[in-house]
*Asks:* 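Would you mind keeping the following structure in view while I ask a few things?
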There are 2 protein chains.
Amino acid sequence: MPGPTPTGGSRPTTLADVAARAGVAVSTVSRALSNPTRVNVRTRERVEQAARELDYTANPSARALSSGRTGAVAVLVSDVTNPFYFDIIRGSQQQLKNAGVTQLLVDTEESAEVEASLLATLQRSCDGAILTSTRLSDSRLDQLAASMNLVTINRPRRGIGSVVLDTAQGMEQAVEHLVSLGHRRIVYVSGPKGSWSNERRWRAVHRAARRLGADVVRTRDFPPRSDSGTGAADAVLNTRATACIAYNDVVAIGMLARLAERGVAVPEDLSVVGCDDIFGADFCHPPLTTVTAPVEHAGRVATSILLSGSASGGPATAGRTPGSSAVLPTHLTVRRSTGAPRAAR
Amino acid sequence: MPGPTPTGGSRPTTLADVAARAGVAVSTVSRALSNPTRVNVRTRERVEQAARELDYTANPSARALSSGRTGAVAVLVSDVTNPFYFDIIRGSQQQLKNAGVTQLLVDTEESAEVEASLLATLQRSCDGAILTSTRLSDSRLDQLAASMNLVTINRPRRGIGSVVLDTAQGMEQAVEHLVSLGHRRIVYVSGPKGSWSNERRWRAVHRAARRLGADVVRTRDFPPRSDSGTGAADAVLNTRATACIAYNDVVAIGMLARLAERGVAVPEDLSVVGCDDIFGADFCHPPLTTVTAPVEHAGRVATSILLSGSASGGPATAGRTPGSSAVLPTHLTVRRSTGAPRAAR
DNA sequence: TCAAAAGGCGCGCCCGAGGCT
DNA sequence: CAGCCTCGGGCGCGCCTTTTG
């Protein structure tokens, strides 16, 4: 017996139950509930009351099966642990709830393969997906976008909806800031390989440094985790640089811990700049100079783009909408982790 | 035409497509794919190859509709913004992925009504739910548990699976710690009304203080958000206390900011203790003395309990399993935000 | 012992019948 | 009698499960 017959004894009420109680046909109940204007007021009220009395709730699976719309949107993040995503999750959660859509939170474990295989399944169980810092190849991305609604964050691509946090701009400001303080040797602490953002940030730093006549080198790649901070700090100290710009705040905060451990004074011995302005950047010690990005806003915008695209008519419209894209400006927020270099070092 | 016919031109392949290609019946394909042992090896291989060639992926909605199992688990949090939940989300995400289950992340906005209404819908679209810090009444909880698999975190209830982070224990240690430093007047910064944890923590603090001969009062209730810190700090300063214990780290960190703003030295003028040991508690300024709770572990355990319960056979078994429960110990982690009170104040 | 056939699962949507103005 | 509003019937969605050969 397949019927889920928990405790109440009776299985969940269906449209048919409501129809019987209201004395109308199943199709009428369906219409009354989902398209109230297309039915007589009196009938509608009868139906609604019956539904209320029976505590009717539509079966989402059945609805999805016949309509093609699931009422869910997937949000893919490379690592749920990373505080950077918290704000994105939060921003999209907010928008999704307003639209009555549920959020499927998915962790891709920083792997393109995991991401791809998850999306294959997810494709059927959601109306669209928000890809944050995707590791997918261009071709895979295009292919996917053809069969489902997609919006990327920090990974623009022609024909696909996208939101970009223009951290490159903030990175330039960071370099200018450091140079104006007197720094001439700067290190960029590189993020994960294959990250579009990482390359973009590095290029911005590199370009700005060259323009301003400062030396800049790049460390090896570090995973975007707090514990990368140890290796990153050591790597930076191994150079003769007086300032460093980290791929993001998570790493930067990790570095602060290691620097304190090694007795390196920030900013006197080394200035540190982060990126993203995550939770914690303002109350760590010293408070972190960082590139402030409107992350939560990005989550909201990405969700709006996705919803406006899929609203027009379920998965059938996937790939049709040109894919609007937004670029959100960032700016440097100067706190206490940067300062003039010590004259003699 | 309802068919989702994105770009490839052809709609997603179904069991029937695979059956046709493999030259067998639909039911055979179904079995071959979901219950491989119950079918001839040669047949199975033919089917599997056909499925591979056609890039077949089952439609989760259809599967859910007929089987009753959705392959999803909901995780309800009162506020996705709260870093405390990050670790829970992370812990459960991990376990769920191992089991091939997807996570539905849901924000209840600190409201019992929102929580209840969401659960009504969710009930059909997931195989179970993890309720973190639920605000539901006992009766509502029981009622719900009768019709779906539930596991609560920090809200034990007979007959329902639960995980409790025993922060009361850590709270006692906190009081002992403060008293041993010489504090005699302590304030407990109260969390949200209706929170089981809040009451429990307060009682633990109260009891321990009385036992040790210290005075303890309680502030008004504060929402568990960082910006409550301002009001909380002011409220505490308004008393003659030399130490305070906050409902949780989020509030405590918010208080640190306000205290710095008002020029109050921590711990010289006021000792501050938090709870949970969230991300940031170790690198704020000063690093926070707090009750360390194995939050991620709690997320993992809760998920395991839920999965072991629902594994036995879909929603039909809801309410049957007695509901195992776990209590995870906590301990005080002393950092720099607590110290001896200034002799004269 | 295995595979084919058929009957749901619950809902959305299309089409057409009937009543009323 | 034409036209509109309203409702009922029926099919299809894709899969699982049971029964039958």
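A, B, ... follow the sequence lines: proteins, then strands. Residue 1 opens every chain. No hydrogens, no waters, no symmetry mates; every other heavy atom, side chains included, goes into these values.
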*Asks:* Please give, in whole Å, the distance from dG10(C) C1' to Arg124(B) CZ?
*Replies:*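 Rounding to the nearest Å, CZ of Arg124(B) and C1' of dG10(C) are 8 Å apart.
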*Asks:* Let me know the distance between CZ of Arg69(A) and P of dC11(C), rounded to the nearest Å.
*Replies:*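 My rounded result for the distance is 15 Å.
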*Asks:* Starting at CG of Asn59(A) and ending at C1' of dG12(C), how long is that distance when rounded to a whole Å?
*Replies:*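 Checked: the CG to C1' distance equals 13 Å.
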*Asks:* Applying a 4.0 Å non-hydrogen cut-off, can you work out what Ala16(A) is touching in the nucleic acid: base, sugar-phosphate, or nothing?
*Replies:*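 No contact at all - Ala16(A) keeps every heavy atom at 4.0 Å or more from the nucleic acid.
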*Asks:* Would you list the pairs meeting side-chain hydrogen bond (donor to acceptor under 3.5 Å, both in side chains) in which at least one residue belongs to residues 20-37 of chain B, sequence neighbours left out?
*Replies:*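 Applying side-chain hydrogen bond (donor to acceptor under 3.5 Å, both in side chains) to every pair that reaches into residues 20-37 of chain B, excluding sequence neighbours, yields Arg21(B)-Glu53(B).
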*Asks:* When the distance from CG of Leu65(B) to C1' of dG10(C) is rounded to whole Å, what number comes out?
*Replies:*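 In whole Å, dG10(C) C1' lies 5 Å from Leu65(B) CG.
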*Asks:* Taking the side chain from Arg135(B) and the backbone from Glu110(B), do they hold a donor-acceptor pair closer than 3.5 Å?
*Replies:*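 Checking the backbone N and O of Glu110(B) against the side chain of Arg135(B), a donor-acceptor pair under 3.5 Å is found.
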*Asks:* Tell me whether the OP1 or OP2 atom of dG14(D) has a side-chain N or O from Tyr56(B) closer than 4.0 Å.
*Replies:*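 Indeed not, no polar side-chain atom of Tyr56(B) lies that close.
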*Asks:* Base, sugar-phosphate, or nothing for Ala64(B), non-hydrogen atoms under 4.0 angstrom?
*Replies:*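 No contact at all - Ala64(B) keeps every heavy atom at 4.0 Å or more from the nucleic acid.
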*Asks:* Restricting to side-chain hydrogen bond (donor to acceptor under 3.5 Å, both in side chains), what partner residues turn up for Asn59(B), sequence neighbours left out?
*Replies:*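 side-chain hydrogen bond (donor to acceptor under 3.5 Å, both in side chains) check on Asn59(B) returns nothing, list empty.
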*Asks:* Tell me whether Asp17(B) contacts the main-chain N or O of Thr14(B) through its side chain, where contact means a donor paired with an acceptor under 3.5 Å.
*Replies:*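 Looks like yes, one N/O pair under 3.5 Å.
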*Asks:* Without decimals, in angstroms, what is the distance between Leu15(B) CG and dA5(C) C1'?
*Replies:*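 That distance rounds to 15 Å.
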*Asks:* Could you tell me whether Arg155(B) and Asp138(B) make a salt bridge, using a distance below 4.0 angstrom between a side-chain N and a carboxylate O?
*Replies:*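 Salt bridge flag = yes for Asp138(B) with Arg155(B).
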*Asks:* Salt bridge or not for Lys97(A) and Glu109(B), using N-O below 4.0 Å?
*Replies:*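 Salt bridge between Lys97(A) and Glu109(B), a charged N being under 4.0 Å from a carboxylate O: yes.
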*Asks:* Is there a residue in residues 26-38 of chain A whose heavy atoms reach under 4.0 Å of DNA chain D, and which residues are they?
*Replies:*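 Output list: Ser27(A), Thr28(A), Arg31(A).
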